[in-house]
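In this text, all values refer to a predicted model and were calculated from it rather than measured experimentally.
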Amino acid sequence: MNEEKKINIEDGNLEETAEKETEQQTTSDTCEKSEAGENEENNETEEKDNTPEEKDPLDAANEQIEKLKDQLLRTIAEFDNYKKRTMKEKAELILNGSEKTVTAILPVLDDFERAMADQTDDPQAIKEGMELIFKKFVKTLEGLGVKKIDTDDKDFDVDFHEAIAMVPGMGDDKKGKVIDCVQTGYMLNDKVIRHAKVAVGQ
C-alpha cells in the first residue's frame, strides 16, 4: 500500500516535473519567437529606411515647371535690361556721333580764324595761307576716312558719277569718258556719300 502511494506520488512528481519542463519549453519557444519577430520587424524597418522614397511624378513635374519659369523670368529681365542699354547707347551715338569729326576739324577752324585776323595785304601770302589751310583740311578728312572720287580721264560709272551734261563731237576715244568734273564726289570708308557731277563725252 505504501509502495503504491509512493509510486503515485512519484508519478505525480514526474507529471508535475514534466508539466513544468513543458511550460518552460513553451515559454522559451515563445520568447524565441517574440525575439525573432522583433528582429524581423527591425530588419523591415531598416530596409524601409534605406529604401529611397520615390517622388510623386506630379510633384516632380511641378518642381521642373517652377524651375523653368524662374529661368524664363530671369532671361526676360536680362533681355529687357540689354534692350534698354542698347537703346541708350544708340541714342548717345546719334547725339554725339559727330564728336570725332568736329574735334578733328577744329584745328582747321583755328587756322581760318588766324588767317582772318591777319591784316596783310599781300595777295601771294594770302593765297599761300589758303592753300596750306586747304591741304590741312583735306588731310584731316582723309584721316576721317573721306577721300575724293577720281574723275580724271575715267570711264563714266553710275556707281561713282552723275552725268549732268553730254558733250558731243569729242571723238571716239572720249566717248563714254568723263570730260569735266563740275562738282567733286566723295567717299567715306569705300561708301559713296556724294556722287561726282560730271560731263560725259558723247
Side-chain angles (χ1 to χ4, degrees), residues 63-202:
E63 288 180 6
Q64 186 69 14
I65 289 170
E66 289 297 324
K67 184 178 178 181
L68 293 174
K69 185 178 178 182
D70 181 65
Q71 290 179 354
L72 178 62
L73 291 175
R74 289 177 182 272
T75 303
I76 291 173
E78 289 175 1
F79 179 73
D80 189 49
N81 290 335
Y82 166 77
K83 188 166 68 172
K84 289 178 180 177
R85 185 171 62 253
T86 304
M87 290 178 66
K88 183 179 178 182
E89 290 175 355
K90 185 177 180 181
E92 289 179 355
L93 183 62
I94 293 172
L95 187 62
N96 301 318
S98 58
E99 179 181 354
K100 181 181 177 182
T101 303
V102 173
T103 304
I105 292 175
L106 286 178
V108 180
L109 180 61
D110 294 337
D111 289 344
F112 273 117
E113 288 179 349
R114 282 191 286 270
M116 295 288 290
D118 190 1
Q119 301 295 324
T120 183
D121 293 329
D122 185 359
Q124 187 63 28
I126 295 173
K127 183 180 178 181
E128 289 176 358
M130 292 296 293
E131 286 178 352
L132 289 173
I133 295 173
F134 174 76
K135 289 178 180 178
K136 184 175 182 178
F137 183 62
V138 170
K139 188 175 180 180
T140 301
L141 290 178
E142 288 176 352
L144 295 171
V146 179
K147 62 182 179 179
K148 180 181 176 181
I149 295 175
D150 189 13
T151 59
D152 293 339
D153 201 30
K154 295 290 183 179
D155 291 332
F156 177 75
D157 189 344
V158 293
D159 291 334
F160 302 101
H161 310 133
E162 179 184 347
I164 60 171
M166 302 298 291
V167 183
M170 298 298 296
D172 291 339
D173 59 332
K174 294 292 184 180
K175 188 175 181 179
K177 287 187 174 292
V178 175
I179 304 301
D180 185 29
C181 180
V182 179
Q183 186 180 71
T184 306
Y186 291 95
M187 298 176 64
L188 176 62
N189 299 323
D190 297 327
K191 178 184 177 183
V192 176
I193 57 176
R194 189 175 79 178
H195 289 76
K197 294 182 180 181
V198 298
V200 183
Q202 189 175 15

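In plain terms, the two heavy atoms of G201 and M166 that are nearest each other are O-CE, 4.4 Å. When all heavy atoms are compared, the tightest approach of V167 to A199 is CG2-CB, 3.9 Å. Between V182 and I164, the shortest heavy-atom distance links the atoms CG2-CD1, 3.4 Å.
A distance of 8.0 Å separates CD of E78 from CG of N81, quoted to the nearest 0.5 Å. A distance of 12.0 Å separates CG of D110 from CD1 of I105, quoted to the nearest 0.5 Å. Between atom NZ of residue K67 and atom CD1 of residue I65 there is a gap of 13.5 Å, rounded to the nearest 0.5 Å. One finds the CG atom of D111 at 5.0 Å from the CD1 atom of I133 (value rounded to the nearest 0.5 Å). Note that CG of D157 is 12.5 Å distant from OG1 of T151, once rounded to the nearest 0.5 Å. To the nearest 0.5 Å, atoms CD (Q202) and CZ (F156) are separated by 12.5 Å.
Applying the 6.0 Å contact sphere to NZ of K177 captures more than 12 heavy atoms from other residues, nucleotides or ligands. Remark: D173 CG is packed, more than 12 non-hydrogen atoms of other residues, nucleotides or ligands lying under 6.0 Å away.
Within the 4.5 Å cutoff, the side chain of R85 has heavy atoms near those of the E89 side chain. You'll find the side chain of I179 stays beyond 4.5 Å of the side chain of V198, heavy atoms only. A 4.5 Å side-chain heavy-atom check between E162 and Q183 finds every atom pair outside the cut-off. Residues K127 and D122 form no side-chain contact, since every pair of their non-hydrogen atoms from C-beta on lies 4.5 Å or further apart. Contact of the F79 side chain with the K84 side chain is not registered, since no non-hydrogen atoms from C-beta on lie closer than 4.5 Å. Between L68 and L72, every side-chain heavy-atom pair lies at or beyond the 4.5 Å cut-off. Contact check for D159 versus V192: no side-chain heavy atoms found under the 4.5 Å cut-off. Side-chain contact between V138 and K148: absent, with no pair of heavy atoms (C-beta onward) separated by less than 4.5 Å.
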Show the numbers, then the answer: is there a side-chain contact (heavy atoms from CB on, under 4.5 Å) between V102 and E99? CA-CA 5 Å; V102 173; E99 179 181 354; over 6 Å; no
side-chain contact (heavy atoms from CB on, under 4.5 Å), that's the test. Do I149 and T184 meet it? Break it down for me. CA-CA 7 Å; I149 295 175; T184 306; 6.0 Å; no
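Under the 3.5 Å distance criterion, the side-chain polar atoms of D70 are left unmatched by any main-chain donor or acceptor of E66.
Using a cut-off of 4.0 Å between Lys/Arg side-chain N and Asp/Glu carboxylate O, R114 and D118 are scored as not salt-bridged.
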